[in-house]
Protein chains: 2
Amino acid sequence: MTAAPTRALARAAVSTAILDSARRHLAESGPAALSLRAVARDIGMASSAVYRYFPSRDRLLERLIADAHDAMSAAAEAAETAVPRDDLPGRWTAVLTAVHGWARAHPHEYALVYGTPVPGYRPPDMTMDDAGRVGLLIVRILQDAARAGRLHLDALRAATAEAPPSDHLRHELDMLTAEVLGAAEAAENPVPPEAVAAAVAAWTHLFGTVNFSVFGQYDSLFCDSDAYVAFSARQFAALLGLT
Amino acid sequence: MTAAPTRALARAAVSTAILDSARRHLAESGPAALSLRAVARDIGMASSAVYRYFPSRDRLLERLIADAHDAMSAAAEAAETAVPRDDLPGRWTAVLTAVHGWARAHPHEYALVYGTPVPGYRPPDMTMDDAGRVGLLIVRILQDAARAGRLHLDALRAATAEAPPSDHLRHELDMLTAEVLGAAEAAENPVPPEAVAAAVAAWTHLFGTVNFSVFGQYDSLFCDSDAYVAFSARQFAALLGLT
DNA sequence: CGATTGTCGAGAGCGGTGCTCTGTTTTTCG
DNA sequence: CGAAAAACAGAGCACCGCTCTCGACAATCG
């Protein structure tokens, strides 16, 4: 048929077969049940042969984690870019509901990404723009809001009155602004550190809510936790003064 | 010495020895490394003998989870009762810093309680007053604040203007008030559902923050994440209008 | 007090796991 | 075509959770 090296094609095919089987086992039975021998059995290979493709079970798991992270971030980004740029509350709720929906659809994969880190965890470098892509979305939304004056900056600063953030913390928050916006833009059009802190808080709040929802912490309170999550998103935005 | 049945004493001693060893292994190497054979080796018993005390590894783990939950809740309660009842922001930050401190001191045990639930998870009934003891503290603080008018109720209600919570959700929030305050007190001195929703949000925010801090999600942002956590606690209280 | 009963601990063993090593087969390339 | 390289299968090691059996001890009863 083709003069192309059949070996490389076969390798790619087997590799994806392994990943597919692993993802299936992961989704069905959780990470503890993901065993190299089981996937080898699944795809009709000797367990030792799988090691030609992934040097260890943990490496395979890491690959699944990275893929899951990508998928979740992509879902969030797709949802966020679909709403008009100046609808700030809409962008916020879009991110939250996208992450929440993805997490409910893939609870085990979500747990791998934002649940308890796996023992030998090593998110490559966890800079804000590869690992924390949804964090990036949130920060951008709040930066846009702060620069447009569509945030309760006075309320956010209220905590500052009696106990201001340390100079070091302010500096780190400014660094985050510079990283996201670019140094030049950040210098020309600064974002108050309180707003950046609020963005981190919003990011935290988002995953805290999704965690509690996916891991069943709301089940004893609400029979329809989705309703609470949706309302909570609006209430949090209102609290920030996001308009 | 004592005429008491020596057998029961020995049993209790062995039981606590098993739990201590298990807790040690858990703290050092995480839940995946907790093996019955290892603790048996540790305390000089045959692995099969351990089954006289705990019918399975998962049961032992559940016991450790329950104990950890108790310890964490106790730490939070002790810290909260130590501050004057009318210092509402102080009570809030006390709970948060207590939980945060405990979690940093016992990260693996914290992960068992509020991280990814273990595969065969079964928090007994997860009613608000046994499993969610720190949630109870938070709800009480916000209820006290709402009834004393020391909350930005208008801001909390802002989300309601355009998209009010469903009747069902309001009812569930009122149920929570009744459960915490008692039906009579709740009927006589009602708490607006928006305030209860804010309490749930605060509870969520607390554990979201502690999760991100303990699981290293802030490490790429702040070199001293404790400073952010402390500031974030004050900022969130200011946002709620907690005075 | 002596015999019975019940608990405890040890050991062997089953099926499972991750991972390594040794050969054998198959593909690729000089 | 023949040599080098890659892919695969199987056996094997150490470890795991868990079960079963069997001897030793304490607790209880006649």
Side-chain angles (χ1 to χ4, degrees), chain A residues 1-19 21-26 28-65 108 112 118-122, chain B residues 1-22 24-26 28-65 108 112 118-122:
Chain A
M1 270 302 193
T2 161
T6 81
R7 211 64 210 148
L9 292 184
R11 182 165 185 87
V14 173
S15 195
T16 66
I18 291 173
L19 284 171
S21 172
R23 232 182 307 265
R24 202 164 48 246
H25 282 145
L26 177 64
E28 286 171 5
S29 327
L34 192 156
S35 87
L36 271 181
R37 293 180 114 111
V39 315
R41 224 176 290 127
D42 205 25
I43 64 175
M45 283 204 340
S47 65
S48 58
V50 180
Y51 286 85
R52 298 266 169 197
Y53 297 85
F54 295 93
S56 76
R57 191 201 94 122
D58 284 347
R59 294 283 185 179
L60 196 159
L61 225 172
E62 281 176 22
R63 170 64 182 274
L64 293 180
I65 294 177
H108 286 118
L112 250 42
V118 302
Y121 87 132
R122 168 191 35 240
Chain B
M1 270 301 195
T2 161
T6 84
R7 210 66 212 146
L9 292 184
R11 182 167 185 86
V14 173
S15 194
T16 66
I18 291 174
L19 284 171
D20 285 350
S21 172
R24 201 163 49 244
H25 282 148
L26 177 65
E28 285 172 7
S29 326
L34 191 155
S35 87
L36 270 181
R37 293 181 114 110
V39 315
R41 223 177 292 127
D42 204 26
I43 63 175
M45 283 203 344
S47 65
S48 57
V50 179
Y51 286 85
R52 299 267 177 204
Y53 297 84
F54 296 93
S56 77
R57 192 200 94 122
D58 284 347
R59 294 283 186 179
L60 195 159
L61 226 171
E62 281 175 23
R63 170 64 183 274
L64 292 180
I65 295 177
H108 285 119
L112 250 43
V118 303
Y121 87 132
R122 172 192 30 243

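Hydrogens, waters and symmetry mates are skipped; everything else that's a heavy atom, side chains included, is used. Chain naming here is simple, since letters A, B, ... match the order of the sequence lines and numbering starts at 1 in each.
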List, with names and distances, any nitrogen or oxygen atoms from the protein found under 3.5 Å away from nitrogen or oxygen atoms belonging to nucleotides 17-21 of chain D.
unit_1 : atom_1 : unit_2 : atom_2 : d
D:dG17 : OP1    : B:L36  : N      : 2.7
D:dG17 : OP2    : B:L36  : N      : 3.2
D:dG17 : OP2    : B:R37  : N      : 3.1
D:dG17 : N7     : B:R37  : NH1    : 2.3
D:dG17 : O6     : B:R37  : NH1    : 2.9
D:dC18 : OP2    : B:Y51  : OH     : 3.4
D:dC18 : OP2    : B:R57  : N      : 2.7
D:dC18 : N4     : B:R37  : NH1    : 3.4

| Excluding sequence neighbours, so at least two apart, what forms salt bridge (charged side-chain N to carboxylate O under 4.0 Å, His left out) with A:R37? | none
| message | If the condition is salt bridge (charged side-chain N to carboxylate O under 4.0 Å, His left out), which residues does B:R24 pass it with, not counting sequence neighbours? | response |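 If we apply the salt bridge (charged side-chain N to carboxylate O under 4.0 Å, His left out) test to B:R24, skipping adjacent residues, the hits are B:D42.
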| Distance in angstrom units between A:R59 CZ and C:dC19 P, rounded |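 After rounding, the reported distance stands at 11 Å.
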| Rounded to the nearest Å, what distance is computed from the CZ atom of residue A:R41 to the P atom of nucleotide C:dG16? | 7 Å
| request: Ignoring the backbone of A:M45, work out which of D:dA26, D:dC8, C:dG16 is nearest its side chain. | output: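 The closest nucleotide is D:dC8.
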| message | So, taking the atom named CE in B:M45 and the one named CG in B:L36, what distance separates them when rounded to the nearest 0.5 Å? | response | 9.5 Å
Which atom names give the shortest non-hydrogen contact between [X] and [Y], and what distance separates them?
X      : Y     : answer
A:I43  : A:S21 : CG2-CB, 4.1 Å
B:S47  : B:A40 : CA-CB, 3.6 Å
B:H108 : B:L26 : ND1-O, 3.2 Å

| task | Return no unless some side-chain N or O of B:Y53 is found under 4.0 Å from OP1 or OP2 of C:dG9. | result |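 Yes.
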| field | side-chain N/O A:R11 vs D:dA7 OP1/OP2, d < 4.0 Å | value | yes
